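To start, the structure under review is shown below, and the notes come after it.
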Amino acid sequence: MRRALVSACVFLGLLPASASAYDYVGAPITHGTDSAAVGTGPAAKLPRALAKSLPKSWCGPETAGDDTVHELDNGGYKEHAVYMIPSDGVDRFAHYAPGIQADAFGASALLETTYARAIRFDMGTACGPEYLDITVVRMPYSTAQLQAAASSGTGTFDMVTGALNAAGLQTIKPSDSYQQAGARTRNWVVWFDGPAPAGTCGQASIYDDPTRAPTNLNNFGGKVAVVFRSGDGFCSSNAVRHEIGHNLGALQPSAPHAFDGSHCNDAIEDTMCYSNSPQVANG
């Protein structure tokens with residue numbers, strides 16, 4: 001993962017030289033669903049010392065909103081975890097919460113072992129600052145509606161985004177001014193416990209903006225990354241990292257070895273490359 005997940009430089013109140021406070025940011029795009037291949041391969045392991053310090057299970061009350069009362073002060077812009085179910089779905093949050101937390105920590109592990117950097121997740125529950133803050137959202141859509149939507153390229157993603165907004169977890173809007181978008185401090189990482197397109201692991205939004213500047217549109221919050229079910233659980237931490245990578249701008253159509261406008265094909269070790277890419281590293 002040599003280039004794909006460069007840490008996003010986030011900001012408030014900083015406008016591009018060509019933009020005014022009244023310009024609109026426009027809508028992010030989604031390239032479509034990611035195949036189940038993005039979740040395959042060995043998961044990265046956290047450094048041993050860090051792994052020992054992290055909780056082995058999740059603790060906290062089930063909440064329908066962002067727990068800002070117990071929030072860990074680890075920076076302003078964060079990735080916030082969401083567990084989402086259909087309106088008529090069975091709430092299995094207690095069963096899945098430990099795995100969701102483990103996948104979040106695992107998604108960050110590759111960056112921590114390779115670059116000594118980390119994905120900044122929203123942390124802190126009533127049990128302590130070391131636990132992942134997870135919001136539970138019951139959608140305004142039924143299982144039947146979601147099954148029908150899963151047959152289209154963006155149907156599931158659009159319903160997930162709609163459910164976030166309905167729950168007060170606001171996503172970036174095409175009509176946002178640069179100042180409004182800059183005030184959005186959360187990207188939403190959704191573990192979706194409902195029907196999804198077959199053979200896929202997730203989907204995410206991204207801006208087509210390759211500018212190397214703090215004003216890159218991918219630095220705004222309010223974008224959505226969705227991780228789908230896989231067996232009795234969800235697609236792996238690799239899929240979580242891949243979808244977050246899209247939210248942060250990985251990768252652009254102009255990037256080296258971008259073969260389909262949003263993925264690379266030169267090294268299987270790269271989080272944003274597909275599974276048909278060659279192995280480059282030894283061992």
Side-chain angles (χ1 to χ4, degrees), residues 24-34 62-68 77-93 96-97 100 104 121-122 133-177 180-208 217-218 220-230 234-235 239-240 242-248 262:
Y24 300 138
V25 297
I29 61 174
T30 172
H31 56 73
T33 54
D34 280 311
E62 183 171 325
T63 60
D66 185 353
D67 184 359
T68 58
Y77 283 68
K78 304 176 184 180
E79 306 289 335
H80 184 88
V82 176
Y83 169 73
M84 185 175 288
I85 54 176
S87 59
D88 56 347
V90 177
D91 185 346
R92 296 180 282 190
F93 175 69
Y96 285 129
I100 291 172
F121 283 102
D122 188 3
D133 184 8
I134 309 173
T135 298
V136 177
V137 171
R138 186 174 286 278
M139 307 175 80
Y141 312 110
S142 68
T143 300
Q145 288 175 302
L146 287 157
Q147 286 173 332
S151 62
S152 75
T154 63
T156 304
F157 186 85
D158 292 342
M159 284 190 167
V160 167
T161 300
L164 288 170
N165 288 312
L169 307 179
Q170 295 299 309
T171 64
I172 198 165
K173 305 295 191 299
S175 58
D176 276 357
S177 69
Q180 288 172 320
R184 300 194 185 280
T185 61
R186 299 287 189 270
N187 280 335
W188 311 109
V189 188
V190 179
W191 280 258
F192 179 55
D193 191 5
T200 65
C201 257
Q203 193 166 3
S205 54
I206 182 175
Y207 276 101
D208 185 358
L217 292 171
N218 291 294
F220 291 123
K223 295 187 292 300
V224 181
V226 189
V227 181
F228 298 145
R229 288 283 309 277
S230 178
F234 296 88
C235 288
V240 176
H242 182 98
E243 302 307 337
I244 290 175
H246 284 313
N247 279 176
L248 298 181
S262 52

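When reading the values below, keep in mind they use all heavy atoms of this one structure, side chains included, and skip hydrogens, waters and symmetry mates. Quick caveat, the model's predicted, so the values are computed rather than measured.
Ser262 approaches His246 most closely through the heavy-atom pair O-CE1, 3.3 Å. In terms of heavy atoms, Pro197 sits closest to Ala150 at CG-O, 3.5 Å. The shortest non-hydrogen separation linking Ser205 to Asn247 is O-ND2, 2.8 Å. Pairing each heavy atom of Glu243 with each of Gln203, the nearest pair is OE1-C, 3.3 Å. Between Tyr83 and Arg92, the shortest heavy-atom contact is OH-N, 3.1 Å. Shortest non-hydrogen contact noted between Gln180 and Ser175 is OE1-O, 3.8 Å.
Under the 4.0 Å criterion applied to side-chain N and carboxylate O atoms, Arg184 and Asp176 are assigned as salt-bridge partners.
Between the side chain of Asn187 and the backbone N or O of Lys223 there is at least one donor-acceptor pair closer than 3.5 Å. With hydrogens and angles disregarded, a donor-acceptor distance shorter than 3.5 Å links the side chain of Asp133 to the backbone of Asp67. Under a 3.5 Å cut-off, the side chain of Tyr96 and the backbone N or O of Phe234 do not form any donor-acceptor pair. The main-chain N or O of Gly65 is found under 3.5 Å from a side-chain atom of Thr135 such that the two form a donor-acceptor pair. Within the 3.5 Å criterion, the main-chain N or O of Thr171 finds a donor-acceptor partner in the side chain of Asn165. For the pair Trp188 (side chain) and Gln170 (backbone), a donor-acceptor distance under 3.5 Å is present. A distance-only check finds a donor-acceptor pair linking the side chain of Asp88 to the backbone of Thr143 [under 3.5 Å]. Counting only distance, with no hydrogens or angles, the side chain of Arg138 and the backbone of Gly89 share a donor-acceptor pair below 3.5 Å. Asp193 places no side-chain N or O within donor-acceptor distance of the main-chain N or O of Ile85, the cut-off being under 3.5 Å.
Under the side chain to side chain contact (heavy atoms under 4.5 Å, CB included) rule, Val224 has a single partner from Ile172, Leu169, Leu164, which is Leu164.
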With a cut-off of 3.5 Å and sequence neighbours excluded, list every side-chain donor-acceptor pair involving residues 155-163.
{"unit_1": "Asp158", "atom_1": "OD2", "unit_2": "Thr154", "atom_2": "OG1", "d": "3.0"}
{"unit_1": "Thr161", "atom_1": "OG1", "unit_2": "Phe157", "atom_2": "O", "d": "3.0"}

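With a 4.5 Å cut-off on side-chain heavy atoms, Ser142 and Pro86 do not count as touching.
Listed by chain and number, the residues in a side-chain hydrogen bond (donor to acceptor under 3.5 Å, both in side chains) with Tyr141 amount to none (sequence neighbours excluded).
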